[in-house]
Amino acid sequence: MAETKREIERKYESDDSGLPDLTGVAGVASVLDKGTADLDATYYDTSDLRLASASITLRRRTGGSDAGWHLKLPVGPGTRDEIRAPLSDTVPDELAGLVRSRVREGQLVAVVRLRSARDVRDLVDADGRLLAEASVDTVRAQRLFGGEGSAQWSEIEVELADGGDPALLDKVEKRLRKAGVRPSKSASKLARALAETKGGHPRPKDKGPAKPVTAGDHVLAYVRAQRDAIVELDPAVRQDAEESVHDMRVATRRLRSTFRSFRKILDREVTDPIGAELKWLAGELGVGRDHEVLAERLGAALDDLPSTLVDGPIHERLRTWAKAGERGSRRRLLGVLDSGRYLALLDTLDAVVADPPLRKAASKKPKKVLAKAVRKDFGKVAALIEEAVEQPPGSDRDLALHEARKKAKRTRYAAEAAGPALGRPAKDLVKSMKSLQSLLGDHQDSVMARTTLRELSAVAHAAGENTFTYGVLHAREERRAERVEETVPGEWKKTSGSMKV
């Protein structure tokens, strides 16, 4: 079973060998010599170094106190999450899964071997508590694939102890700089090894033009950002990190909406089939997420009821329903992320970014073209809101409000994509559409909650249980939806009056 550790460290280089004296750094009471460890690490990547290009490292290391497989995923400057697995001859399945959105159908091969003699010092406080580990690594690198040759160097590494104060690293760095030590030019040992041995280097990340100029540039920048988000969120979704499923689902929706909103810029004959696959992925991501949100809503509503209105084992039935949905959806989602269909979608998105199907309007100046697309989406929201207001309460109004919510979301995403070109009016529209989307989302959640309450009530009734409380919750949800419907006309009047795109 893999374990995850947050790693916060800094690397340095010096013209001198050895570690400068760190005794007296504020908070450091003693520097303890922990001896020398011999480390032997083999790094794995694809033949075109996809992991290295994303600042991801996967290695098998022996020696030291943490021998095993280590996968390091970037979190921020100097910060990575290290996922560890026990030693084995082949890449552990769990770690292979965490890099699948990068590797796809490719093969992982040994690319570099690093052998290091690590001279370790522990920085401790007056109570003997570990604050950080400082080491001097003498490294020998050998290229195993995609090149040839070797390299050798020494570096200083300072790693913060678990739960330590990052400010300590600033204090240590100040002392090191005074001693003539400078921050390393390489982010990792692997990056330096690749740079100093002959052969291929990590492929540069596709960032598009430095500054968007045309309408197509702006749309593609937004498309590229959502593609990157899906790929980068994949490991977090597999680890069930908080909000990761929601964030990936939002990225898929943003991408699909962009293809639909800007059909004058991107050829729909190419993007419509991709949009269908994105709809499928969003749906799969939503299975567990929608169930989770609904369970939280019903649980909170039940907790708000006075005890005198709660009859029967409704708490137990609701918990059972929530857990059953969670278990099933988790297994299903992991299967989706390992499927050929999902990996093919990622490849297709890469191809669209690399060779976009641009139409004539893509080469034009952005303001007029993008504003026209945003206004068109806004007009669809207006028509649906007017239709909903004219409908009597019931399923037809519910459906119209739900469709209005989806179009408001699309308008919001179109305005986000156009924001850098259109400025403040687009940003204001994003804000107002988000507010409208939230309001209509509450209404749709009420519709779904009432449907679920009726289903749970029927099951409870068949089991001979008291269903009174289900009726109370249903009535409260009805009133909640009515309040939203009463608010919609005023909210829409305010929104449409401020539309300036």
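Source: prediction; values computed, not measured.
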*For residues 463-479, pull every pair meeting salt bridge (charged side-chain N to carboxylate O under 4.0 Å, His left out), keeping only residues two or more places apart or in separate chains.*
Arg297-Glu477, Arg317-Glu465, Arg479-Glu482, Arg479-Glu486
*Is Arg359 paired with Glu269 through a side-chain N to carboxylate O contact shorter than 4.0 Å?*
no
*What is the minimum heavy-atom distance between Leu160 and Asp165, and which atoms define it?*
CD1-O, 3.4 Å
*Which pair of non-hydrogen atoms, one from Ile230 and one from Ala251, has the smallest distance, and what is that distance?*
CG1-CB, 3.8 Å
*If you draw a 6.0 Å radius around CZ in Arg129, do more than 12 non-hydrogen atoms from other residues or ligands fall strictly inside?*
no
*asked:* What verdict does the side-chain contact (heavy atoms from CB on, under 4.5 Å) test give for Leu337 and Arg100, after you've listed the backbone C-alpha separation in whole Å, the side-chain angles of each residue and the deciding distance to 0.1 Å?
replied: CA-CA 8 Å; Leu337 297 184; Arg100 190 156 290 131; over 6 Å; no
*Given side-chain contact (heavy atoms from CB on, under 4.5 Å), test Leu429 with Met499 step by step and report yes or no.*
CA-CA 7 Å; Leu429 182 59; Met499 169 64 172; 3.9 Å; yes
*asked:* List the residues meeting ring pair (Phe, Tyr, Trp, His ring centres under 6.0 Å) with Tyr44, not counting sequence neighbours, and say none if there are none.
replied: Trp69
_Flag if over 12 foreign heavy atoms under 6.0 Å of CD, Glu316_ = yes
*Verify salt bridge (charged side-chain N to carboxylate O under 4.0 Å, His left out) between Glu243 and Arg289, making sure each step is shown before the conclusion.*
CA-CA 9 Å; Glu243 292 299 305; Arg289 175 66 182 176; 3.6 Å; yes
*Between Arg50 and Ser53, which heavy-atom pair has the shortest distance, and what is it?*
O-OG, 2.7 Å
*asked:* If the condition is ring pair (Phe, Tyr, Trp, His ring centres under 6.0 Å), which residues does Phe378 pass it with, not counting sequence neighbours?
replied: Trp492
*asked:* Just so I know, are the side chains of Arg227 and Val352 near enough to count as touching, which here means a heavy-atom distance under 4.5 Å?
replied: no
_Which residues share a ring pair (Phe, Tyr, Trp, His ring centres under 6.0 Å) with His291, sequence neighbours left out_ = Trp321
*Taking only residues two or more places apart in sequence or in another chain, which ones pass salt bridge (charged side-chain N to carboxylate O under 4.0 Å, His left out) with Arg104?*
Asp347, Asp350
_Looking at Lys5 and Glu3, is there a salt bridge between them, counting it only when a charged N and a carboxylate O are closer than 4.0 Å?_
no
*Heavy-atom count around Lys72 NZ within 6.0 Å, excluding the residue itself: above 12?*
yes
*Should the pair Arg483-Asp442 be classified as a salt bridge under the 4.0 Å nitrogen-to-oxygen rule?*
no
*Among Arg263, Arg256, Arg260, find the one that has a salt bridge (Lys or Arg N to Asp or Glu O under 4.0 Å) with Asp272.*
Arg263
*Any side-chain heavy-atom pair of Arg102 and Glu232 under 4.5 Å*: yes
*Assess whether salt bridge (charged side-chain N to carboxylate O under 4.0 Å, His left out) is satisfied between Lys380 and Glu403, documenting all intermediate values.*
CA-CA 10 Å; Lys380 293 177 181 178; Glu403 290 299 316; over 6 Å; no
Show the atom names and distances, to 0.1 Å, of all donor-acceptor pairs under 3.5 Å that link a side chain in residues 417-427 to residues at least two apart or in another chain.
residue, atom, partner, partner atom, Å
Arg424, NE, Asp428, OD1, 3.1

*With a cut-off of 6.0 Å (strictly less than), are more than 12 heavy atoms of other residues, nucleotides or ligands near CG of Asp304?*
yes
*asked:* Assess whether a salt bridge exists between Asp234 and Arg238, defined as any Lys/Arg side-chain N lying under 4.0 Å from an Asp/Glu carboxylate O.
replied: yes
*Any chance the side chains of Arg405 and Gln444 put a donor and an acceptor closer than 3.5 Å?*
no
*Does Trp280 reach the side chain of Val336, with side-chain heavy atoms less than 4.5 Å apart?*
yes
*Step by step, would you call Arg10 with Asp170 a salt bridge (charged side-chain N to carboxylate O under 4.0 Å, His left out)?*
CA-CA 10 Å; Arg10 297 182 188 179; Asp170 294 331; 2.8 Å; yes
*Identify whether the distance between the nearest side-chain nitrogen and carboxylate oxygen of Asp66 and Arg61 falls below 4.0 Å.*
yes
